[in-house]
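Every chain is numbered from 1, with letters handed out A, B, ... down the list of sequences.
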Protein chains: 2
Amino acid sequence: MERNEETPSTRERLLREAEILFARKGYHAVSVREITDAAGCNLASVNYHFGNKESLYIEVFRSLWMERAAVIRKRFEEKAGSGGMESMESVVRGLAEAFLEGPLTDEERLLHAQLVIREMIQPTKAFQVVFTMAMKPFLENIATRLRPFLAPGMSDEELILNIFSVFSMVLYFNFARTAVSRLTDKPYDPDFIRTLISHIVRFSLHGLGPEKPGDPGP
Amino acid sequence: MERNEETPSTRERLLREAEILFARKGYHAVSVREITDAAGCNLASVNYHFGNKESLYIEVFRSLWMERAAVIRKRFEEKAGSGGMESMESVVRGLAEAFLEGPLTDEERLLHAQLVIREMIQPTKAFQVVFTMAMKPFLENIATRLRPFLAPGMSDEELILNIFSVFSMVLYFNFARTAVSRLTDKPYDPDFIRTLISHIVRFSLHGLGPEKPGDPGP
DNA sequence: GTCTATAGCAGGATAGAC
DNA sequence: GTCTATCCTGCTATAGAC
């Protein structure tokens, strides 16, 4: 299954290039020819290795996407701490850092977010894989970590919505780069990403923050 | 330009059906034949009225999408209040309600969000229209309204990031319905939408909320 | 396992009748 | 303005040589 990094098999090259192209342009906008050209192999290779285009797409999620999800999750667990060392802030910060910094390159994070966002807008067969094998267990993991720090009366549903809200920011700042960059006039460099992480942490913990003195909050 | 609602022109029928199909499936997944069939007219009509498929896509944004954006913005202004009646909460609630309830139907809101999300993941020529004519002025409008209630030292950049964060939730709860519904086990009915709005308002104002007694926050 | 060649079809676009 | 008929490109998928 595994191979030398210097000589990836045709199958692996196809998967890698397919992931990049599917993320960038979406399933229908990418042709098999485009993928095989990028991978430097023959048009027929997709059918030989994966059967057809759709199976290749699903395989991208099953192997590459899931692998990245595992990397992100591992990073989150390192950052969030384990057992007694945690705090609400460390969990949220861990989440933001895992998705916006972490061991993946900037391009890989974008690619990862683009793929999952497309599936969330318009689920395909790949969604089932993403949902049951990554989203659901990850959400439950976070829920268990956060639960001890939250108001005792909070329902499971409220907890889930809270996590979704943190997650929505993490996703948004990953995929809406064009809009964010244009309006803040900042490129997505490590400096700005640190700013974004701090912002997500602060906003998640305190929201818009206390109102101005003279307009006391509730 | 305007026509009787009972007898929309071919051009209008094309625009309407095109919007629905582009939102649901994305530009490349929709064929011109599919659009003309849905509109009940001839294949050649797209070229006659719009020149080509891409121009039709951009025209969907320029007329229909912008019109809905104006409806949402108007609703926001009604809800957020004007002048002295505002509060931070009324602005955020107005924003959430304008996008999640408001005069549009449930289907229209989904369609609207799907279209803009696709442009944010992967901007096309339509992005320029959306950005300069809807996103930018709307963001500036919200910024002006929120500014008086926020900490005096807050920079413009922080303010923008705060608004993005509220906006990310509003967008997410609109387009990620499959995931949200599966994990909360709730359908997107008016009841659940009210719950979502309350959640967005609460989270935006206070974040995850005060930690449990015994774990005092910073 | 990788290639060439090609079948077979769906796509966007257009010409020209009405 | 709307239609039919058609062009031609580009696609997925497969057959079969090597």
Side chain to side chain donor-acceptor pair (under 3.5 Å) with D37(A): which residues, sequence neighbours excluded? none
Once side chain to side chain donor-acceptor pair (under 3.5 Å) is applied, do any residues pair with E78(B), and if so which ones, sequence neighbours excluded? none
Do the numbers put R109(A) on top of the ring of F99(A), so that NZ or CZ is under 6.0 Å from the six-membered ring centre and no more than 45° off the axis? no
Sequence neighbours excluded and cut-off under 3.5 Å, please list the side-chain donor-acceptor pairs for residues 43-52 of chain B, or say none.
| residue | atom | partner | partner atom | Å |
| --- | --- | --- | --- | --- |
| S45(B) | OG | N42(B) | O | 2.4 |
| N47(B) | ND2 | G51(B) | O | 3.2 |
| N52(B) | OD1 | E54(B) | N | 3.3 |
| N52(B) | OD1 | S55(B) | N | 2.9 |
| N52(B) | OD1 | S55(B) | OG | 3.0 |

Going 5' to 3' through nucleotides 6-12 of chain C, assign each nucleotide B (protein heavy atom under 4.0 Å from a base atom), S (under 4.0 Å only from sugar-phosphate atoms) or - (no protein heavy atom that close). -----BB
So which pairs with a foot in residues 8-33 of chain B pass ring-ring contact (aromatic ring centres under 6.0 Å, His included), sequence neighbours left out? F22(B)-Y27(B), F22(B)-Y57(B), Y27(B)-Y57(B)
Chain B vs DNA chain D, heavy-atom contacts under 4.0 Å, first-to-last nucleotide span, 5' to 3', is dG1(D) to dT4(D)
Reference residue R145(A); test salt bridge (charged side-chain N to carboxylate O under 4.0 Å, His left out); the match among E89(A), E140(A), E86(A): E86(A)
Check whether the ring centres of F76(B) and F138(B) lie less than 6.0 Å apart, and answer yes or no. yes
